[in-house]
Amino acid sequence: MKQIILITGGAGFIGSHVVREFVTKYPEYTIVNLDALTYAGNLENLKDIDQLPNYIFEKVDICDASAVLEVFRKHQPTGVIHLAAESHVDRSIADPSAFVMTNVIGTVNLLNAAREIWKDTFEGKRFHHVSTDEVFGALSSEGFFTEETSYDPHSPYSASKAASDHFVRAYHDTYGLPIVLTNCSNNYGPNHFPEKLIPLCIHNIINNKPLPIYGDGKYTRDWLFVIDHAKAIDLVFHQGKNGDSYNVGGFNEWQNIDLVKELCKQMDAKLGREVGTSAQLITFVKDRPGHDLRYAIDANKVNKELGWYPSVTFEQGLAKTIDWFMDNQEWLNNVTSGDYQKYYDTQYK
């Protein structure tokens, strides 16, 4: 069967790396990128592959059920990799409804379209839903999230993603839809939209602006290099067990303050600044509501069953990330103008 893979949110941060992985690794596949091109969706992320013959772009909002169904009818995808989502906790606190619409209703629209187009047979089909470790809630100083951890979301964002996970599983259990899920830890890497910690700090260090750190900076996250995440998605999509879920993490944890200090050290070296210069920009700001203390992923299942493991240490991945942003400052300047600046001023000032 010829593989036609529909990737939603393919112009976004993680999605663009997944699209690139599939377009370049599987030239015999047709890859359809469906994206609404909201503030975080950027076709510049794919300019290196957008002329390849096995790549197609469709500008569609997954909240538009009829438009989604039309794309399914037009391209007859054999597989879906669903990444389109509102994904920033701070924005979800400001506007929860947008997260319900995209992350819950949008996911249901895709599930309904898949059921309709695949109604003759589910054989050879797969719906891969990409989710987050934030659906599991928060950890204390010990323990890890596993695939069996109970859901306990604490923000509108994580609640909306938890709901979408439940709908995907429900469509498998109720209708037999062939599905897999992945729940990932914090991603970082090239093309990361600078509302998130690492690209925000890189941008601010370049421009000698304050580095806003929530609370005391001791919030702990597991960090996953986005290119490694794309490779994990490839493995789970092709080899994961039907109806199963897989946690994908970087096998490392960093407190925010330690991460930013490491970033400052590397940035000082790359910018030719005296050691400690960038760290002077660190500014502690008022904590956000419901801030989870610690996330930590146990990724042993995907490692043991599918052989996936991160290819870089965090320090190596961070160096690659900094190099990319330093080499692509025009991209960074383009995405930090206009509406982004208004958001930044509201959030951190």
Side-chain angles (χ1 to χ4, degrees), residues 87-94 132-146 149-159 161-162 183-189 192-205 209-226 229 247-268 275-299 310 312-319 321-322 343-344 346-349:
S87 65
H88 191 38
V89 173
D90 294 343
R91 289 181 184 266
S92 79
I93 294 170
T132 172
D133 60 355
E134 296 192 39
V135 299
F136 301 124
L139 292 166
S140 61
S141 60
E142 297 181 355
F144 297 90
F145 296 137
T146 72
T149 300
S150 298
Y151 277 34
D152 185 24
H154 293 161
S155 71
Y157 161 60
S158 57
K161 289 298 291 185
N183 294 84
C184 69
S185 59
N186 282 30
N187 280 227
Y188 70 100
H192 203 175
F193 191 78
E195 65 185 357
K196 303 294 180 71
L197 179 63
I198 291 176
L200 171 65
C201 287
I202 292 173
H203 176 251
N204 284 12
I205 289 171
K209 296 172 63 177
L211 308 179
I213 308 298
Y214 282 132
D216 60 8
K218 294 184 179 180
Y219 295 98
T220 301
R221 300 293 183 262
D222 175 75
W223 291 90
L224 172 64
F225 191 49
V226 67
H229 186 195
N247 284 351
V248 184
F251 290 94
N252 70 91
E253 296 178 55
W254 286 73
Q255 287 189 345
N256 288 347
I257 187 61
D258 294 332
L259 182 157
V260 173
K261 287 179 179 178
E262 172 66 23
L263 176 59
C264 288
K265 182 179 74 173
Q266 292 200 25
M267 289 290 289
D268 283 344
V275 175
T277 300
S278 297
Q280 294 177 12
L281 298 170
I282 293 173
T283 304
F284 294 97
V285 299
K286 181 181 178 181
D287 212 348
R288 72 184 180 204
H291 202 164
D292 291 334
L293 176 64
R294 175 175 171 259
Y295 305 143
I297 282 276
D298 179 346
V312 294
T313 65
F314 178 74
E315 292 87 347
Q316 292 169 336
L318 187 61
T321 301
I322 293 170
Y343 162 79
Y344 180 88
T346 300
Q347 189 63 34
Y348 295 112
K349 295 182 181 179

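Bear in mind the structure is a predicted one, so any value in this text is a computation, not a measurement.
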Quiz prompt | Glu253 side, atom CD; Ser141 side, atom OG - distance, nearest 0.5 Å | solution = 10.0 Å
Quiz item: Asn204 and Leu281: side chain to side chain contact (heavy atoms under 4.5 Å, CB included), yes or no, with the steps?
Solution: CA-CA 9 Å; Asn204 284 12; Leu281 298 170; over 6 Å; no
Quiz prompt | Interatomic distance, Trp254 atom CH2 to Ile198 atom CD1 [nearest 0.5 angstrom] | solution = 10.0 Å
Practice problem: Please round to the nearest 0.5 Å and tell me the distance separating atom CG of Asp258 and atom CG of Leu263. | Solution: 12.5 Å
Quiz item: What's the shortest heavy-atom distance between His203 and Lys209, and which atoms?
Solution: CE1-NZ, 4.4 Å
Quiz prompt | Residue pair Cys264 / Leu211: nearest heavy atoms and the distance that separates them | solution = SG-CD1, 3.6 Å
Exercise. Kindly indicate whether the side chain of Thr149, heavy atoms from C-beta on, has any atom under 4.5 Å from the side chain of Phe144.
Key: no
Quiz item: Between Gly250 and Asp222, what is the shortest heavy-atom contact and its length?
Solution: N-OD2, 2.7 Å
Quiz item: When rounded to the nearest 0.5 angstrom, what is the spacing between CD1 in Ile205 and CE in Met267?
Solution: 5.0 Å
Quiz prompt | Interatomic spacing from CD1 in Ile202 to CG in Leu318 - rounded to 0.5 Å | solution = 6.5 Å
Practice problem: Given side chain to side chain contact (heavy atoms under 4.5 Å, CB included), test Phe284 with Ile257 step by step and report yes or no. | Solution: CA-CA 10 Å; Phe284 294 97; Ile257 187 61; 3.8 Å; yes
Quiz item: Any side-chain heavy atom of Val248 sitting closer than 4.5 Å to one from His229?
Solution: yes
Practice problem: Quick one: do Val285 and Ile213 satisfy side chain to side chain contact (heavy atoms under 4.5 Å, CB included)? Show the steps, please. | Solution: CA-CA 6 Å; Val285 299; Ile213 308 298; 6.0 Å; no
Quiz item: Which heavy-atom pair separates Gly189 from Thr321 by the least distance, and what is that distance?
Solution: CA-OG1, 3.3 Å
Quiz item: How about Glu134 and Tyr295: does a side-chain donor come under 3.5 Å of a side-chain acceptor?
Solution: yes
Quiz item: Can you tell me how far the CH2 atom of Trp223 sits from the CG atom of Asn186, to the nearest 0.5 Å?
Solution: 4.5 Å
Exercise. Please work out which of the three classes, parallel, tilted or perpendicular, describes the rings of Tyr151 and Phe136, given edges at 30° and 60°.
Key: perpendicular
Quiz item: So do the side chains of Asp133 and Asn247 get within less than 4.5 Å of each other, counting heavy atoms only?
Solution: no
Practice problem: Indicate yes or no: at least one non-hydrogen side-chain atom of Gln255 is less than 4.5 angstrom from one of Leu259. | Solution: no
Self-check item: Beyond-backbone contact of His154 with Asp152, side-chain heavy atoms, under 4.5 angstrom
Solution: yes
Self-check item: ring-ring contact (aromatic ring centres under 6.0 Å, His included) between Tyr188 and Phe225, intermediate numbers included
Solution: CA-CA 5 Å; Tyr188 70 100; Phe225 191 49; 5.4 Å; yes
Self-check item: Check against side-chain hydrogen bond (donor to acceptor under 3.5 Å, both in side chains), Ser278 and Asp268
Solution: CA-CA 6 Å; Ser278 297; Asp268 283 344; 2.5 Å; yes
Practice problem: Determine, step by step, whether Ile93 and Tyr157 satisfy the side chain to side chain contact (heavy atoms under 4.5 Å, CB included) criterion, reporting the C-alpha distance in whole Å, the side-chain angles of both residues, the deciding distance to 0.1 Å, and the verdict. | Solution: CA-CA 8 Å; Ile93 294 170; Tyr157 161 60; over 6 Å; no
Quiz prompt | Check: Tyr214 main-chain N/O paired with Asp287 side-chain donor or acceptor under 3.5 Å | solution = no
Self-check item: Any donor-acceptor pair under 3.5 Å from Asn183 side chain to Thr132 backbone
Solution: yes
Exercise. Indicate whether any N or O donor in one side chain lies under 3.5 Å from an N or O acceptor in the other, for Asp298 and Thr146.
Key: no
Quiz item: Where the side chain of Ser158 meets the backbone of Pro153, is there a donor-acceptor pair that is under 3.5 Å apart?
Solution: no
Quiz item: Taking C-beta and beyond as the side chain, do Pro212 and Thr283 meet within less than 4.5 Å on heavy atoms?
Solution: no
Quiz item: Should we say atom NZ of Lys265 is surrounded by more than 12 heavy atoms from elsewhere, each under 6.0 Å from it?
Solution: no
Self-check item: Nearest heavy-atom neighbours spanning Ala296 and Gly143
Solution: CB-O, 4.1 Å
Quiz prompt | Val312 versus Gln316, closest heavy-atom pair with distance | solution = CA-OE1, 3.4 Å
Exercise. Keeping the roles fixed (side chain from Arg294, backbone from Glu142), state whether a donor-acceptor pair exists under 3.5 Å.
Key: yes
